[in-house]
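For ligands, and for the atoms within them, numbers begin at 1 and follow the listed sequence. One is the number of the first residue; the rest follow in order along the sequence.
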Amino acid sequence: MSIPVDLRSDTVTRPTPAMRRAMMDAEVGDDVLDGDPTVRQLEQRVAAMLGKERALFFPSGTMANQTAIWVLAERGHEVYADAGAHVVHYEMAATAALGGVQIRPVSPSGDVMSADDLEQSFRPPSRHAPRASLVCLENTHNGAGGRVTPLPALRALQEVAVARRIPVHLDGARLWNASISLGTPLDALASCADTVMVSFSKGLGAPVGAALAGTGQAIDAAHAVRKRFGGGMRQSGILAAAALHGLDRHLGRLTEDHEHARLLASALEGVHGIRVVPPDTNIVMIDLPPEVDAFAIVEAAAREQVLLTPWSRTRIRAVTHLDADAAAVLRAAEVIGEAMRGRGG
Ligand SMILES: *Cc1c(COP(=O)(O)O)cnc(C)c1O
């Protein structure tokens, strides 16, 4: 039996022995009572990296996104977001259920919402229509296959929002990947938004955590909302130590994940009937011909110890990460090829 290959997400990584040691050695305090020194260190480091006044540690990216929406958007108003965004599909309608705001999904004309798409989606002023309160961006864009939005496009999106005096939140769960792929500094990308969420539990390999960065005023407000959401954590320095270790040791190696994604894409090129979306970062979208069921292919691959995500009836998602080397992605390509041949693809 070969070693299992799990490409369902970059969240499946397990903390390395060195990361676990860093967690064990972390200096801690009660972060709800009067502060945890390691959490403080992480928050200051992330704020500096993103060029923001302050940052706040969160148990999850979802909570950080929803906190930003709560802080920046007004109840009864609308949040504009790409129709394929994480906040639209994977956050349990928290925007409506908790924040009291409605999402206006913007259908992108290309892979990801552009400034034009955004501009054209605004409603004409009317006494009956909800007002626009916030624009939410996502970089890299998960649903679009880890697509990067380059700096000029981000700036253009920001300008559309600024012209309407609307703030911008950036869901940057994988902003690290975007920065590396584009060769654009994190703070430049982050400068296109008022608040930015980054995740430590994706490519950086930490077990838990995200941060929200912004002005001191926004982060003060976010602190209160995090408390309301039940996100106050006590000796959270243990978790912050894992995130700091990820920044120290795993940020630079994200290029390897991008190389492995390209390797997987090129290894699948020869498989009859398959069309692979050329990856910008660590996410590979594999499109199957309409007569082949993605769920059946994913099941067949799982029987061979290769785990993938059926993204839709005809699309499979594979994500490269810290725990998947070149041999692992080549094994995945081989198993997908076998599964396709088994189905006459
Ligand atoms: C994973 C992810 C999130 C949510 O992060 P969690 O820590 O899993 O809650 C938000 N946005 C994007 C784009 C993501 O990929």
Point to revise | Electrostatic pair E338-R303, nearest N-O below 4.0 angstrom | key: no

Write none if no such pair exists; otherwise list each N/O atom of ligand 1 with its protein N/O partner under 3.5 Å and the distance.
residue, atom, partner, partner atom, Å
ligand 1, 7 (O), G61, N, 2.8
ligand 1, 9 (O), G61, N, 3.3
ligand 1, 9 (O), T62, N, 2.8
ligand 1, 9 (O), T62, OG1, 2.6
ligand 1, 11 (N), D171, OD1, 3.0
ligand 1, 11 (N), D171, OD2, 2.6
ligand 1, 15 (O), N142, ND2, 3.3
ligand 1, 15 (O), R174, NH1, 2.8
ligand 1, 15 (O), K202, NZ, 2.8

Point to revise | Test side chain to side chain contact (heavy atoms under 4.5 Å, CB included) applied to D117 - qualifying residues, sequence neighbours left out | key: V106, P108, S109, M113, S114

Practice item. Return yes when atom CZ of R14 has more than 12 non-hydrogen atoms of other residues, nucleotides or ligands closer than 6.0 Å, and no otherwise. Key: no

**Study point:** Partners passing side chain to side chain contact (heavy atoms under 4.5 Å, CB included) against N65 (at least two apart in sequence or in another chain)
**Key:** V87, E91, H169, D171, M197

Point to revise | Contacts of type ring pair (Phe, Tyr, Trp, His ring centres under 6.0 Å), residue H141, not counting sequence neighbours | key: none

Practice item. I would like to know whether H321 and N282 meet side chain to side chain donor-acceptor pair (under 3.5 Å); could you show each step before the answer? Key: CA-CA 7 Å; H321 53 73; N282 67 328; over 6 Å; no

